[in-house]
Structure formats: C-alpha cells, structure tokens
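Below is one structure, written out as structure tokens; the observations come after it.
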Amino acid sequence: MSEGIPEGVGWPFAGQPTLLPEDGLDLLATGSGGPMSGPALPMEEGEEPLRPINWNLLSPETAQIAWLDLNVWVNWLRNTYGLPPTVIPPLWHRHDELVWELSALHTHWLACYESDASPSAPMAWHRDFADARNRLREWVATSGTRLDRDRPTRTTTWPGDEPADIPEERVITNRDEDFARFVADDIADRARARQHARHATIQNRYQHGGEA
C-alpha cells in the first residue's frame, strides 16, 4: 500500500479540488519514496485558486483531500531533505501545532513553485523552511512525540479550568495504519458536527415558525 494513501480511504471525492499539482498525483500510486514530478501546473479554467487551509472549517470531503495531499507532501519533504523525527515525527498528524506548521509550509511551497511565480521564490521558500524547521524542533521536543513512541501534546490547565487528563505514551507499531484511523475518525467527527449543525438549524427554523 502506498504510504501516501491509507487503505480504506478513497481519493478523491468527485468534484473536489486538490492542492497537489497534477504531476504530483503520481506519488499517490508510487508512495513516499518516489521523486516529486515537478512544479505545480498552471491553474486551469474553473479550478479554485490556491489559498491557506483553515483546518477548523473544512468539510468532511475537503478534509479528506487535504489530509491525503499533506501526507503525500510531508513524506516527500522528509525523504527529500533527510529530515529526522526530531523535525517531522511519524505521528505529526496527531499534533495540531505540527499540522498547522506543515500545512502552511505546504501551501507556501505550492505558491513558490507555481509556473508563474518569481524565479527567486524557491529561495524565499528555503529561507522560510529553515525558520520552520526550528519551530518544528521546538514543538516536537515540547510535545514529546518520538520515532517509536507518542503521547498527546500536554496543555496547561488554567485556574478555574477542569484538570486536564495526563496523556499516556504509547508505542508506534504501524504509522500508516495510525494515519488511516486518524483520518477516518477526523472525517467522521466532521460529518457528525455538520449533521448536528443542520439539525440545530432546522429545529431553530421550526421553533421560529420558518420552513425547514
């Protein structure tokens, strides 16, 4: 199974945009060991323009594509630049701080390697990449996630808050299986949240005499 595509998670949803350049889709079949085929292709007619990802607002369908795109790219990144687990650990997807940083780095990379980008844009990306690696090292060290073990990032309990559960460390036995479970759970959570929001909207309309 390709390291970029977890088994049981279909890709892509019909009619949904993808952040991967078309040539980069080959990685979905070849896994993380394959080379990046080339820079992003020019935007085609009707294609949505590149924009930052707000993970808090993604629909289940768009989230699935975003997770798989990011997973493929992160695998390419760590292999291409020989990044150790102190920079990108196997379970980066389970740590919000790492997801937001890597996602921002991904869209920045796509923008800098667009065919109409400035010829010096890749140098700007590499300068920002150096800064990002320092932040990633700090967050990995703080979170405690490692090559073979992982625990949820600890959060500070403020006065008046309920005491936070002490996260337990667990052994990482199969990274791809963990990613597949994580994506499936995330999509299910987003679908439930959307369904609850729809029910609340319908209920509110009925309570105020409106139509569903």
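These figures come from a predicted structure and were not determined experimentally. The basis for the numbers below is simple: all heavy atoms, side chains too, and nothing from hydrogens, waters or symmetry mates.
Scanning for ring pair (Phe, Tyr, Trp, His ring centres under 6.0 Å) contacts around Trp92 gives an empty result, with sequence neighbours left out. Under the ring pair (Phe, Tyr, Trp, His ring centres under 6.0 Å) criterion, His95 pairs with no residue at all, not counting sequence neighbours. Applying the salt bridge (Lys or Arg N to Asp or Glu O under 4.0 Å) rule to Asp189 yields the partners Arg192; only residues at least two apart in sequence or on another chain are considered. With sequence neighbours excluded, no residue forms a salt bridge (Lys or Arg N to Asp or Glu O under 4.0 Å) with Arg137. Remark: Arg146 engages Asp148, Arg149, Glu169 in a side-chain contact (heavy atoms from CB on, under 4.5 Å) (not counting sequence neighbours). Here Thr156 pairs with Trp158 under the side-chain contact (heavy atoms from CB on, under 4.5 Å) rule; sequence neighbours left out. The side-chain contact (heavy atoms from CB on, under 4.5 Å) check on Asp116 picks up Glu114, with sequence neighbours excluded. With sequence neighbours left out, the side-chain contact (heavy atoms from CB on, under 4.5 Å) criterion links Arg154 to Arg151, Pro167. With sequence neighbours excluded, no residue forms a side chain to side chain donor-acceptor pair (under 3.5 Å) with Trp100. Every residue two or more places apart in sequence or in another chain that forms a side chain to side chain donor-acceptor pair (under 3.5 Å) with Ser118 is listed here: Ser120.
Grouping the Ile, Leu, Val, Met, Phe, Trp and Tyr side chains by contacts below 4.5 angstrom, directly or via other members, places Leu147 apart from Phe182. Cluster annotation: Phe129 and Met123 are assigned to distinct hydrophobic clusters (Ile/Leu/Val/Met/Phe/Trp/Tyr, side-chain heavy-atom contacts under 4.5 Å, transitive).
A salt bridge between Glu138 and Arg133 is absent, with no side-chain N of the basic residue lying under 4.0 Å from a carboxylate O of the acidic one.
Contacts classified as salt bridge (Lys or Arg N to Asp or Glu O under 4.0 Å) and involving residues 89-110 (residues at least two apart or in different chains) are given here: Arg94-Asp178, Glu101-Arg135.
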Practice task
Verify side-chain contact (heavy atoms from CB on, under 4.5 Å) between Val140 and Leu98, making sure each step is shown before the conclusion.
Solution key: CA-CA 8 Å; Val140 170; Leu98 303 181; 4.0 Å; yes

Practice task
Could you go through the side-chain contact (heavy atoms from CB on, under 4.5 Å) check for Phe179 and Leu68 one step at a time?
Solution key: CA-CA 10 Å; Phe179 180 76; Leu68 297 182; 4.0 Å; yes

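Of the possible polar contacts, none joining the Thr153 side chain to the Ser143 backbone as a donor-acceptor pair under 3.5 Å is found. Side chain of Asn75 to backbone of Asn71: a donor-acceptor contact under 3.5 angstrom is found.
Asp186 and Ala63 make their closest contact through OD2-CB, 4.0 Å (heavy atoms, listed as atom of the first residue, atom of the second, distance). The nearest pair of heavy atoms linking Pro122 to Cys112 is CD-O, 3.9 Å. Smallest separation of non-hydrogen atoms from Thr145 and Pro89: CG2-CG, 3.5 Å. Pairing each heavy atom of Leu50 with each of Ala111, the nearest pair is CD2-N, 3.6 Å.
Screening Leu77, Asp131, Leu110 for a side chain to side chain contact (heavy atoms under 4.5 Å, CB included) with Leu105, the sole residue that qualifies is Leu77. The only member of Ile53, Val74, Leu70, Val72 that meets side chain to side chain contact (heavy atoms under 4.5 Å, CB included) when paired with His106 is Leu70.
Using bins of under 30°, 30° to 60° and over 60° for the plane-to-plane angle, the ring pair Trp109/Trp73 lands in the tilted bin.
Heavy-atom neighbours of Asn56 CG from other residues, nucleotides or ligands within 6.0 Å: above the threshold of 12.
Between atom CZ of residue Arg190 and atom CG of residue Leu57 there is a gap of 9.0 Å, rounded to the nearest 0.5 Å.
Looking at Trp76 and Thr80, their side chains do bring a donor and an acceptor atom within 3.5 Å of each other. Side chains of Tyr113 and His108: a donor-acceptor N/O pair is absent below 3.5 angstrom, by distance only.
Other members of the cluster containing Leu91 are Ile172, with ILVMFWY side chains joined at under 4.5 Å, either directly or via other members.
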